[in-house]
Chemist: 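Got a structure for you, questions after.
The model shown is predicted, which means the values in this text are computed figures rather than measured ones.
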Amino acid sequence: MNKRKALQQQNNHYEKQLPEETRHILTDIVVYLKSFPISEYQVELVRLDITRMLLEGAARGASASEVLGEDYKEFCKGIVAELPPRTPLQTIAYHADILFLGLAILMPLWMVTGLLNSVQNGGSLIHVPVSSGTISATLIILVVSYAIVQYICKTSLEDESEQARRKSRFRFILILFFAVLVCMAPAILFRNTVLNVHIAVYIAGFVICFGVHKLLAAYTD
């Protein structure tokens with residue numbers, strides 16, 4: 001992970017030397033690369049090679065399309081085809097990492113809202129009520145969030161006109177709005193408490209989820 005962070009900082013330094021339009025193209029390429037089953041470290045390695053190519057091209061006045069070709073998606077697919085994919089164990093760890101990171105993000109939110117509801121209903125600040133709606137909303141949020149990220153990555157290099165891009169952005173915002181409604185609806189509609197969790201257990205659960213996420217992220221990097 002430290003090697004990846006150092007490489008990322010190096011890439012950020014090089015990227016600042018690129019023309020603005022080329023930086024936007026490089027960003028889209030990096031996002032598209034994240035849709036493939038390769039590690040974050042491999043993505044940064046590829047980013048370094050591409051950035052150097054674009055810098056050399058910019059020095060001689062060549063555009064990104066002249067350096068990489070007109071079809072950026074095919075260019076990326078050609079590079080990824082030469083890289084070793086994740087092993088089955090790394091794939092499991094990658095998805096588990098997403099799960100534990102999502103739980104680590106959501107748990108503080110649910111803890112605060114649960115304690116507020118407990119106080120409003122005359123309860124204490126020691127036990128956090130967990131409703132069936134909270135459990136359902138957590139599962140839905142994790143699935144929807146993963147789907148949205150995959151959609152963004154896979155469509156980052158779509159060749160569209162400016163008008164088509166505006167329509168695509170509006171459609172995406174609309175889908176995102178309804179996704180938020182679907183995610184939050186169970187937590188709002190189904191408030192029946194299924195269990196009360198001691199706040200110390202809740203905090204310990206958050207620490208464990210975050211710790212497992214860091215370990216899995218280091219393993220899959």
Chemist: Could you list all the salt bridge (charged side-chain N to carboxylate O under 4.0 Å, His left out) pairs where at least one residue sits in residues 21-31, not counting sequence neighbours?
Modeler: none

Chemist: Check whether any side-chain heavy atom of Val43 sits under 4.5 Å from a side-chain heavy atom of Val30, and report yes or no.
Modeler: yes

Chemist: Give the table of side-chain donor-acceptor pairs shorter than 3.5 Å for residues 51-61, with sequence neighbours excluded, one pair per line with atom names and distance.
Modeler:
{"from": "Thr51", "atom 1": "OG1", "to": "Arg47", "atom 2": "O", "distance (Å)": "2.6"}
{"from": "Arg60", "atom 1": "NH1", "to": "Glu56", "atom 2": "O", "distance (Å)": "3.4"}

Chemist: Does Tyr41 form a side chain to side chain contact (heavy atoms under 4.5 Å, CB included) with Lys5? I'd like the steps, not just the answer.
Modeler: CA-CA 9 Å; Tyr41 183 67; Lys5 288 183 177 179; over 6 Å; no

Chemist: Pair Thr134, Ser131 - check side chain to side chain contact (heavy atoms under 4.5 Å, CB included), show working.
Modeler: CA-CA 5 Å; Thr134 299; Ser131 67; 2.9 Å; yes

Chemist: Side-chain contact, heavy-atom cut-off 4.5 Å: Ile98 with Leu142?
Modeler: no

Chemist: Shortest non-hydrogen contact from Tyr202 to Met111?
Modeler: CE2-CB, 3.5 Å

Chemist: Of all the heavy-atom pairs spanning Val67 and Ala62, show the shortest one and how long it is.
Modeler: CG2-CB, 4.0 Å

Chemist: State, to 0.1 Å, how close Met107 and Gly205 come at their nearest heavy-atom pair, and which atoms those are.
Modeler: CE-C, 3.7 Å

Chemist: When rounded to the nearest 0.5 angstrom, what is the spacing between CG in Leu45 and NZ in Lys3?
Modeler: 8.0 Å

Chemist: Would a distance-only check, ignoring hydrogens and angles, find a side-chain to backbone donor-acceptor pair under 3.5 Å from Gln9 to Ala6?
Modeler: no

Chemist: Could you check if a side-chain atom of Val201 sits within less than 4.5 angstrom of a side-chain atom of Val128, using non-hydrogen atoms only?
Modeler: no

Chemist: CD1 of Ile126 to CG of Asn196: how many Å apart, nearest 0.5 Å?
Modeler: 11.5 Å

Chemist: Report yes if the side chains of His127 and Val197 come closer than 4.5 Å at any heavy-atom pair, otherwise no.
Modeler: no

Chemist: Test of understanding: with salt bridge (charged side-chain N to carboxylate O under 4.0 Å, His left out), list the residues that count as partners of Lys73, not counting sequence neighbours.
Modeler: Glu158

Chemist: Measure the spacing between CD1 of Ile208 and CD1 of Ile203 and express it to the nearest 0.5 Å.
Modeler: 12.0 Å

Chemist: Can you find a heavy atom in the side chain of Tyr219 that is under 4.5 Å from one in the side chain of Asp97?
Modeler: no

Chemist: With rounding to the nearest 0.5 angstrom, report the OG to CD1 distance, Ser156 to Ile29.
Modeler: 9.0 Å

Chemist: Is there side-chain contact between Thr27 and Glu15, with heavy atoms separated by less than 4.5 Å?
Modeler: yes

Chemist: Can you confirm whether Phe210 is buried at CZ, in the sense that more than 12 heavy atoms of other residues, nucleotides or ligands lie under 6.0 Å from that atom?
Modeler: no

Chemist: Less than 4.5 Å apart, any side-chain heavy atom of Thr22 and any of Pro19?
Modeler: yes

Chemist: For the OH atom of Tyr94 and the CG atom of Leu216, what is their distance to the nearest 0.5 Å?
Modeler: 12.5 Å

Chemist: For the CD1 atom of Ile79 and the CG atom of Leu68, what is their distance to the nearest 0.5 Å?
Modeler: 7.5 Å

Chemist: Minimum heavy-atom separation for Lys34 and Cys153, please, with both atom names.
Modeler: CB-SG, 4.1 Å

Chemist: So, for Ser35 and Gln150, which heavy atoms are closest and what is the spacing to 0.1 Å?
Modeler: O-OE1, 4.3 Å

Chemist: Linking I/L/V/M/F/W/Y whenever any side-chain heavy atoms sit under 4.5 Å apart, do Tyr146 and Tyr151 land together?
Modeler: no

Chemist: Would you say Ile135 and Leu116 are hydrophobically clustered, going by side-chain heavy atoms of ILVMFWY under 4.5 Å?
Modeler: no

Chemist: Is there a path of hydrophobic side-chain contacts, each under 4.5 Å between heavy atoms of I/L/V/M/F/W/Y residues, joining Val194 to Trp110?
Modeler: yes

Chemist: I would like to know whether Tyr32 and Thr155 meet side chain to side chain contact (heavy atoms under 4.5 Å, CB included); could you show each step before the answer?
Modeler: CA-CA 7 Å; Tyr32 183 68; Thr155 60; over 6 Å; no

Chemist: Under a single-linkage definition using a 4.5 Å side-chain heavy-atom cutoff for Ile, Leu, Val, Met, Phe, Trp and Tyr, are Phe36 and Ile92 assigned to the same hydrophobic cluster?
Modeler: no

Chemist: Got Tyr72 and Ser65 here, is their nearest side-chain heavy-atom distance under 4.5 Å?
Modeler: yes

Chemist: Do Ile105 and Val130 sit in one hydrophobic cluster, given that two such residues count as connected whenever their side-chain heavy atoms are within less than 4.5 Å of each other, even indirectly?
Modeler: no

